[in-house]
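One structure below.
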Number of protein chains: 4
Amino acid sequence: MATRKVRTSPRKRPTQDRSKQTVDTIVEATARVLVSEGYERATTNRVAEVAGVSVGSLYQYFPSKESLVAAVVDRHSDHMMCVFREAIAGAATLPLREGARVVITAMVDGHDVEPELHRVCAEQIPRVGRLGRLLEDLDTHASPSLVAYLQSRAHELVVKDIELATFVLVHSVETVLHRVLSTRRVVPRDVLIDELTALCLRYLTATAPDEPARAQRTVRS
Amino acid sequence: MATRKVRTSPRKRPTQDRSKQTVDTIVEATARVLVSEGYERATTNRVAEVAGVSVGSLYQYFPSKESLVAAVVDRHSDHMMCVFREAIAGAATLPLREGARVVITAMVDGHDVEPELHRVCAEQIPRVGRLGRLLEDLDTHASPSLVAYLQSRAHELVVKDIELATFVLVHSVETVLHRVLSTRRVVPRDVLIDELTALCLRYLTATAPDEPARAQRTVRS
Amino acid sequence: MATRKVRTSPRKRPTQDRSKQTVDTIVEATARVLVSEGYERATTNRVAEVAGVSVGSLYQYFPSKESLVAAVVDRHSDHMMCVFREAIAGAATLPLREGARVVITAMVDGHDVEPELHRVCAEQIPRVGRLGRLLEDLDTHASPSLVAYLQSRAHELVVKDIELATFVLVHSVETVLHRVLSTRRVVPRDVLIDELTALCLRYLTATAPDEPARAQRTVRS
Amino acid sequence: MATRKVRTSPRKRPTQDRSKQTVDTIVEATARVLVSEGYERATTNRVAEVAGVSVGSLYQYFPSKESLVAAVVDRHSDHMMCVFREAIAGAATLPLREGARVVITAMVDGHDVEPELHRVCAEQIPRVGRLGRLLEDLDTHASPSLVAYLQSRAHELVVKDIELATFVLVHSVETVLHRVLSTRRVVPRDVLIDELTALCLRYLTATAPDEPARAQRTVRS
DNA sequence: GATGAATGAGCGTTCATTCAT
DNA sequence: CATGAATGAACGCTCATTCAT
């Protein structure tokens, strides 16, 4: 696929407080415009207007529209990852059953913070280049700690490949939550949490009635 | 979010053979351009050029760029749904263990047919209006037959709400497959099938070690 | 001003009845489309569709869009001129007072025949080339007979230059009628006729209170 | 008749001097292009080129081609109305005979200022929406002061309905002047003024030989 | 002839980006 | 540095006209 080269990293490290403030204002304005206009109709001029700065200033800090949107995606992703990692950290010593519920609850809550922005990030912004961070961050930032946690709970698990299992579950849970949000399907919060917790626990720890016992499990037990 | 109204339904039913051929050529060209240029860089003039017709001809059959892309998404979605439904139909009389594997295998295969087009559809095309059909079709076209199948196998299940379970599984499997494809993660086909089958079977039929047995299951056993 | 050369005369003399019928149908359809869509939005394809023929056939008879519109203008102008000339002919032996009223009544009626088409012809169709016939025909077709009539009534007149006076009156009456129609101003038919007749008669035959008597009139009287 | 909605009001009030200059340049260029190419062949890109600015700049100030043309029509109409109103104001205390001549002279002069632009405005630009201002302004801007003037001279008049008479005369004079200009008919300026003045005075103040005297006139005299 | 699918030059318009002030 | 007027490549789309069938 053809790709053009555009700068996507912020043009300057804002050392002064005022600059930092301006950058924040611009990112915030971008988020608002993305939500109100949608990705395709969002324009840099509109963002500048909403931010209360001139386009020129905007381009002082962000070298391209893409970098602007990337900043929003980054911020949103950072926020979600933060919530997730905190939950995982808090679950560190908990048994799987409770740990899973804690993490899933965090993910459910994470989707409720800025649901509209999340929708735009997930549905309208092309997941190309830096713009795809939202899902990639799940793999690069959330999964490792989860893998570590699961490894610490390996004795409870039936799955062989913890990394693969994490990959499967993280994306399954994320996608189900997103689809519920996106289709405005009415699923009570606790039902959702119960169901996703069940999905995780059974996949990780249960064996289907006629499922052949795993080699290593057999050996261990 | 602001949305403008654009015609997205085909402009005329092509009655003559020549027209029908032209329409097919155009849709095919659109798919090719989407893959080679990406959604944002795809232009109607380029599509016409690749199709070997004039822009005018293109607009005889498709009233807008959006309708053009919608046709591609539709065709792709139709194709996948067809594969899925056939698999589900074929699984109708099979026990869950085998049925699940059959359906999942079909989904894996479905993602291998036009993987690059699938990526564009799933990652670059904004899921707005008719363009969101790909995922919606899972709910509207694939899920009902799956629900029916699972209901016929209700005696094997531990889940209470079959519709919700189907929703969870369909999107989980779809997303995992898509992420594997999209991140070029190397997972052998049979491992993938095994893992996803395990996910489904355990979620549907197993009980986690310390999971409180469900009311109705208890009664039955 | 730049002008392009386009054929504007009908491509063929329709000798056969069927052809003539087709031509009529097309001209009629053009008129209808002009009224319903306006000049700028009227397209040859739409005209063909309304006429129930193919664009190809349309171009067999009319070499360009301009020729199509010209045919409508011509037909409309012909019709009006016909009405006017008949009135003038009928007034030939009447004294000015009655003759003027007869002709003006005809002009009023002429504007009521196809008022919507008249509006389009007068307001939307650029009066360039053959498309300007509507007003030109007043000068070339209606005025000469009027001049002749007025010359036969010269003894009643105070105006020196009958041709100029005719020019003045014809366009004055035409324009007033058109503006009344166009602005949807409510002026009862007989008030309009009375007023325009007064305009004509006074201009042609009266002398303003302190107007210096004309040389030739002085001599004559 | 079908009409689409297009923005026709200027997009932004030019606050800075540079902007104002640009706007003027663009309007001037539009007028030049309208004259040189005609309305239908005039394009926004050509206007921008002639104005020496980019299309983008043009669209900063004018949201559509129609608004561009409307600005030219407005400017032209404003100019003419200004000339007319000044003449009417100057005639305020004059007796009808002289007042009529003053106003008519102004109208004749008004048609000589930018005759080619006037032709385009009157003959090629469709009188639809804001584009029809030229003639409408006669009614809304010129007529009221004329009516007032005539009312102040009511004792000299034979016409009953001063508003109707003004409507008749304003459009008559305007149209005759325009037709003379448009057909390149050679009529010496003073002949034209004499003739139109005669038209007005006789219509307003004279009684045709066998015309029944008006009720109120009879009473008065 | 008649058809209507095909043509393609060219339109109005947008918007990311630049740069004179 | 900030401003915002200016830029112009490039887009989606129209429609008078042609020509293979």
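Just so it is clear: chains get the letters A, B, ... in the order the sequence lines come, proteins before strands, and each one is counted from 1.
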Check: D/Val120 and D/Val72 side chains under 4.5 Å, non-hydrogen atoms: no
Worked verdict on C/His76 versus C/His118 for side-chain contact (heavy atoms from CB on, under 4.5 Å): CA-CA 8 Å; C/His76 182 61; C/His118 188 73; 2.9 Å; yes
Between [N] atom [atom2] and [X] atom [atom1], what is the distance in whole Å?
{"X": "A/Glu40", "N": "F/dC11", "atom1": "CD", "atom2": "C1'", "result": "12 Å"}
{"X": "D/Lys65", "N": "E/dG12", "atom1": "NZ", "atom2": "P", "result": "5 Å"}
{"X": "D/Ile26", "N": "F/dA5", "atom1": "CD1", "atom2": "P", "result": "12 Å"}
{"X": "D/Lys20", "N": "F/dG4", "atom1": "NZ", "atom2": "C1'", "result": "19 Å"}
{"X": "B/Tyr39", "N": "F/dC11", "atom1": "OH", "atom2": "C1'", "result": "13 Å"}
{"X": "A/Glu66", "N": "E/dA16", "atom1": "CD", "atom2": "P", "result": "12 Å"}
{"X": "D/Leu58", "N": "F/dT7", "atom1": "CG", "atom2": "C1'", "result": "12 Å"}
{"X": "D/Glu49", "N": "F/dA9", "atom1": "CD", "atom2": "P", "result": "12 Å"}

Could you report the tightest heavy-atom contact between [X] and [Y], atom names first, then the distance?
{"X": "D/Lys65", "Y": "D/Ala42", "answer": "NZ-O, 2.9 Å"}
{"X": "D/Val35", "Y": "D/Glu116", "answer": "CG1-CB, 3.9 Å"}
{"X": "C/Val47", "Y": "C/Thr30", "answer": "CG1-OG1, 3.3 Å"}
{"X": "B/Cys121", "Y": "B/Val73", "answer": "SG-CG2, 4.3 Å"}

Distance below 4.0 Å between [X] side-chain N/O and [N] OP1 or OP2:
{"X": "C/Ser54", "N": "E/dG4", "result": "no"}
{"X": "D/Ser64", "N": "E/dG12", "result": "no"}
{"X": "D/Ser57", "N": "F/dT7", "result": "yes"}
{"X": "C/Thr43", "N": "F/dC15", "result": "no"}
{"X": "C/Tyr59", "N": "E/dG4", "result": "no"}
{"X": "A/Tyr61", "N": "F/dA2", "result": "yes"}

DNA chain E: 5'-proximal contact among D/Gly56 and B/Gly56 (nearest heavy atom): B/Gly56
Residue met sooner reading DNA chain E from 5', once C/Asn45 and D/Asn45 are mapped to nucleotides: C/Asn45
Nearest-nucleotide 5' precedence on DNA chain F, D/Val53 against A/Thr22: A/Thr22
5'-most by nearest nucleotide on DNA chain F - C/Ala42 or D/Val55: D/Val55
Intermediate values then yes/no, salt bridge (charged side-chain N to carboxylate O under 4.0 Å, His left out), B/Arg46 and B/Glu49: CA-CA 5 Å; B/Arg46 181 88 186 100; B/Glu49 194 183 308; 3.0 Å; yes
Qualifying residues under side chain to side chain contact (heavy atoms under 4.5 Å, CB included), relative to A/Glu123, sequence neighbours excluded: A/Arg119, A/His178, A/Ser182, B/Arg127
Side-chain donor/acceptor of D/Gln60 to base of F/dA6, under 3.5 Å: yes
Angle by which the axis turns from one end of the helix from E/dA2-F/dT21 to E/dT21-F/dA2 to the other, five pairs per end, to 10 degrees: 10°
